[in-house]
Amino acid sequence: MIEVNFDGIVGPTHNYAGLSIGNRASAANAGGISRPRVAALQGVGKMRRLMTLGLRQGVFLPHVRPHVAWLRELGFDGGDSEVLAAAWSADRALVANAMSASAMWTANAGTVSPASDTADGLCHITPANLSTMPHRASEAEQTERQLRLAFADRRFFRVHRPVPAAFGDEGAANFMRLASPSGRCAIEMFVYGEGRAGGFPARQHRTASEAVARGHGLDPAHTPMVRQSDAAIAAGAFHNDVVAVANGHVLFAHEHAFADPAGLREAVHALMPDAVIIEVPADRVSLDTAIRTYLFNSQLVTMPDGDMALILPAEARENDHVWTWLTELVARETPIRRLEVVDVRESMRNGGGPACLRLRVQVDADALAAIDPRFLLDDVTCDRIEAVIAREWPESIAPDDLGDSRLWERCATARGALTAALGFGPGEI
Ligand code: SUG
């Protein structure tokens, strides 16, 4: 199987509106000045880095922003700029929601079960409803449209409707897949939370995870539902991928990531005796440090030579506790042999690390060939994307700019230039 990482291109409206309760970085940087151009170039830089490691890379496009259609649903009327101006004078927070670039975090685009895990032998994809946060809930419709375009070939793919909004689903950010080295055994773990913890909502509901697993035709015996610890949610792990990541037969997690870590270890080893569980103890890296540095929001990937690498945010490199622990880890006999540091600071300032920025899709060669090639990257496409970003993306956005009609127009034009450069027709995406 070939893994393709589909990263979201950071949109021209990237800004710090502090919209995500329970996400410490988003709250801490609320009201700050963002740098959309730098943010988007950092994102493409990460994609290029993965490609130089010999990994396959894809992209999803920024969503239509400002999201005027969403404001219309809220009762604002008239031409686009009238709608936006009326919303800005009625409730600035609504315009901030309509300007959010949060679709960049494609780990929240949906949940993907590879063909080898499903009853009908198709790769199943369920777009996430993201219903807990207003600025994210409006993403599902455009995400679904992109998924249906990219994975349109029904010989290989089945794209579902999102789970009903009553049951919060945040996609692959709360999903981990283990596969035995032989490839014969796989475990798809769905991680959910309950109610609120520390005043923060658990965004992934168990009912939603169960619905996705059912829809994908997964074997319940290999699909554990794992409860996230309240301590993790209260400390700011609004998604499981802030405290745990899995790849191949390796699960890399913080000691306090799960409500019942011993139970999880037992369940995993019963199904997959050769699974490797690497747990970082709290007395080496506290939960707080793990969440501040996004140690676990690294991408854990298998390189072409079979070794695994952690693609870490620069913030993890800068913390002595984290870096010392990691240096010891790669000196040990585990499959994780390499540490690669990337700079995605602009995304990090809104709570999105390397792993948040990508959706993994595992396919065989025939299914890979069936993916709409406009969503797949090579160096030439990267050059083209960078040129559009450098030319069209705003250099900075301050909170008051969100109400400026020149910014609305500029962002719409910028997105149009990007979609055209990637070969999408007007209104196609
Ligand atoms: O949903 N931040 C995102 C970060 C998502 C990270 N994704 C994963 N962990 N997979 C969120 O909280 C902040 C937007 C703002 O405040 O303007 C935001 O939406």
Side-chain angles (χ1 to χ4, degrees), residues 5-8 10-11 13-36 39 43 60 62-63 65-67 92-112 128-140 143 168-176 191 193 200-204 228 232-233 235-246 257 290-300 313 315 344-360 397-399 401-402:
N5 283 283
F6 288 85
D7 278 45
V10 179
T13 62
H14 164 61
N15 72 92
Y16 300 126
L19 299 174
S20 273
I21 177 174
N23 171 339
R24 286 173 20 171
S26 154
N29 291 301
I33 296 175
S34 67
R35 296 186 298 157
F60 290 127
H63 287 188
R65 294 289 182 271
H67 200 340
R92 290 178 171 213
L94 291 179
V95 176
N97 277 270
M99 288 289 275
S100 165
S102 51
M104 70 169 92
W105 297 297
T106 52
N108 305 120
T111 307
V112 183
N129 63 31
L130 293 167
S131 61
T132 305
M133 298 281 155
H135 69 292
R136 304 223 57 185
S138 71
E139 288 172 32
T143 297
D169 176 25
E170 305 261 329
N174 297 306
F175 172 83
M176 299 181 294
V191 184
F200 300 149
R203 298 199 206 174
Q204 183 73 36
Q228 191 179 8
I233 296 173
F238 53 95
H239 291 136
N240 171 67
D241 68 3
V242 175
V243 282
V245 58
I291 292 170
R292 259 188 306 108
T293 60
Y294 264 37
L295 161 62
F296 296 98
N297 201 258
S298 34
Q299 289 177 248
L300 182 56
E315 288 78 353
V344 288
R345 285 181 204 275
E346 280 287 314
S347 168
M348 284 283 287
R349 285 170 53 112
N350 251 340
C356 300
L357 286 161
R358 64 93 175 87
L359 181 70
R360 298 152 118 179
I397 298 181
D401 297 340
L402 296 178

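Order of appearance sets the numbers: ligands from 1, and atoms from 1 within every ligand. Keep in mind that what you see is a predicted model, and the values were worked out from it rather than measured.
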Any heavy-atom pair between the side chains of [Y] and [X] that's under 4.5 Å?
| X | Y | answer |
| --- | --- | --- |
| E315 | R345 | yes |
| N297 | P354 | yes |
| C356 | D241 | yes |
| F238 | Q228 | no |

>> If the test is side chain to side chain contact (heavy atoms under 4.5 Å, CB included), which one of N108, N5, T143, T106 qualifies with L359?
In response: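 Of the listed options, the one satisfying the test is T106.
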>> If the criterion is any heavy atom closer than 4.0 Å to an atom of ligand 1, which residues make the list?
In response: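 Lining ligand 1: N15, A17, G18, L19, S20, N23, S26, S102, W105, A107, N108, H135, R136, A173, R203, F238, H239, D241, N350, G351, C356.
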> Looking at residues at least two apart in the chain, or sitting in another chain, which of them share a ring-ring contact (aromatic ring centres under 6.0 Å, His included) with F200?
Replying inline: none
